[in-house]
Amino acid sequence: MKKVGFIGCGNMGKAIALGLLKSTSVDVKNLMIAEKSEFSIKAIKEEIGIDCCTSIDVAKECDVIFIAVKPNVCKIVIEEIRDYVKPETIVVSIAAGITISDMEEWFGKEVKIVRTMPNTPALVGEGMSALCPNKNISDDELKYVCSLYNSFGKY
C-alpha cells in the first residue's frame with residue numbers, strides 16, 4: 001500500500017483524508033499530515049488519531065502528496081519541499097487557480113502532477129471532482145489517483 005501525505009489539512013484536506021481512511025484506500029499507518037494551524041493539529045489528533053509532522057517529512061516519505069493549502073501559500077510550500085520530492089512521487093494539488101505549469105515552474109524539475117478540483121460535498125462523501133494530469137503521469141498512476149478520489153465521491 002502506498003504512503004499518502006497531506007500538506008495542509010483544513011476542511012477539504014481533512015474530508016479527503018477521512019474519505020481515504022473510511023474507504024480503506026489508505027491505512028492510518030500509511031497516512032502522514034503536515035499542518036501548521038494549532039486548531040487543525042488538535043482536530044487531526046482527535047478525529048484521525050495521528051500526530052502531525054513537517055512538510056519535508058511528507059515530501060521525503062510519501063508516494064502520493066496532496067498539496068491542500070490555500071492557493072496563496074502553494075508556491076511557498078513547493079519551494080520548501082521541492083528538493084525532497086522523489087521522481088516517482090505523485091503530487092496532487094487541490095489549490096484552486098494554481099495551474100500545472102505554475103507548479104512545474106516552482107518545482108523546477110520533472111514532477112508527476114495531478115491538478116484536481118474537489119467540491120464541498122466531498123465533506124460528506126458525495127464529492128464530484130475534476131482531475132487533470134500533467135504529461136509525466138502514466139495511465140496507471142492516474143487510475144490510482146482516480147481510485148483515491150472515488151473514496152469521497154466521484155471524479
For this session: Among residues two or more places apart or on two chains, list those pairs meeting salt bridge (charged side-chain N to carboxylate O under 4.0 Å, His left out) that have a residue in residues 81-107.
Result: none
For this session: Any chance you could measure Lys2, atom NZ, to Cys62, atom SG, to the nearest 0.5 Å?
Result: 12.0 Å
Exercise. Residues in side chain to side chain donor-acceptor pair (under 3.5 Å) with Glu126, at least two apart?
Worked result: none
Exercise. Can you list the residues that meet the side chain to side chain donor-acceptor pair (under 3.5 Å) rule with Lys60, with sequence neighbours excluded?
Worked result: none
Exercise. Can you tell me if Asn119 uses its side chain to pair, donor with acceptor, with the backbone of Met128 under 3.5 Å?
Worked result: yes
Exercise. Quick one: NZ on Lys112 to CG on Leu142, what's the gap to the nearest 0.5 Å?
Worked result: 11.5 Å
Exercise. Taking atom OH of Tyr155 as the centre, does the number of heavy atoms from other residues, nucleotides or ligands within less than 6.0 Å exceed 12?
Worked result: no
Seminar exercise, completed: Tightest non-hydrogen contact, residues Met12 and Ala122, listed as SD-CB, 4.0 Å
Seminar exercise, completed: side chain to side chain donor-acceptor pair (under 3.5 Å) filter on Asn136, not counting sequence neighbours, yields Glu110
For this session: Name all residues meeting the side chain to side chain contact (heavy atoms under 4.5 Å, CB included) criterion together with Asn11; count only those two or more places apart in sequence or in a different chain, and write none if there are none.
Result: Leu123
Exercise. In this structure, are over 12 heavy atoms from other groups packed under 6.0 Å from Asp139 atom CG?
Worked result: no
For this session: Measure the CD-SG distance between Glu79 and Cys74 for me, rounded to the nearest 0.5 Å.
Result: 10.0 Å
N/O donor-acceptor pairs under 3.5 Å from side chains in residues 21-29, not counting sequence neighbours:
{"unit_1": "Ser23", "atom_1": "OG", "unit_2": "Gly19", "atom_2": "O", "d": "3.1"}
{"unit_1": "Ser23", "atom_1": "OG", "unit_2": "Leu20", "atom_2": "O", "d": "3.2"}
{"unit_1": "Ser23", "atom_1": "OG", "unit_2": "Ser25", "atom_2": "N", "d": "3.2"}
{"unit_1": "Ser23", "atom_1": "OG", "unit_2": "Ser25", "atom_2": "OG", "d": "2.8"}
{"unit_1": "Asp27", "atom_1": "OD1", "unit_2": "Lys29", "atom_2": "N", "d": "2.9"}

Exercise. Nearest heavy-atom pair of Ala15 and Phe152: which atoms, and what distance?
Worked result: O-CB, 4.4 Å
Problem set entry | Glu80: partners by salt bridge (charged side-chain N to carboxylate O under 4.0 Å, His left out), with sequence neighbours left out | none
Exercise. Between Asp63 and Thr89, is there a donor-acceptor pair closer than 3.5 Å when you use the side chain of the first and the backbone of the second?
Worked result: no
Side-chain donor-acceptor pairs of residues 38-52 under 3.5 Å, sequence neighbours excluded:
{"unit_1": "Lys45", "atom_1": "NZ", "unit_2": "Asp51", "atom_2": "OD1", "d": "3.2"}
{"unit_1": "Glu47", "atom_1": "OE2", "unit_2": "Lys14", "atom_2": "NZ", "d": "3.1"}

Seminar exercise, completed: side chain to side chain contact (heavy atoms under 4.5 Å, CB included) filter on Asp140, not counting sequence neighbours, yields Ser138, Lys143
For this session: Return the minimal non-hydrogen interatomic distance between Ala68 and Gly8, and the atom names on each side.
Result: CB-O, 3.5 Å
For this session: Give me the other members of the hydrophobic cluster that Met103 sits in, counting Ile, Leu, Val, Met, Phe, Trp and Tyr linked by side-chain heavy atoms under 4.5 Å, directly or via other members.
Result: Ile7, Met32, Val58, Ile65, Ile67, Val69, Val73, Val77, Ile78, Ile81, Val85, Val91, Ile98, Ile100, Trp106, Phe107, Val111, Ile113
For this session: Report the distance from atom CE of Met117 to atom CG of Leu131, rounding to the nearest 0.5 Å.
Result: 10.5 Å
Exercise. Who pairs with Asp57 by side chain to side chain donor-acceptor pair (under 3.5 Å), at least two apart in sequence or on another chain?
Worked result: Thr54
Seminar exercise, completed: Residue pairs passing the ring pair (Phe, Tyr, Trp, His ring centres under 6.0 Å) test with at least one member in residues 52-80, sequence neighbours excluded, are Phe6-Phe66
Exercise. Is it true that Leu31 and Tyr144 fall in one hydrophobic cluster, defined by side-chain heavy atoms closer than 4.5 Å?
Worked result: yes
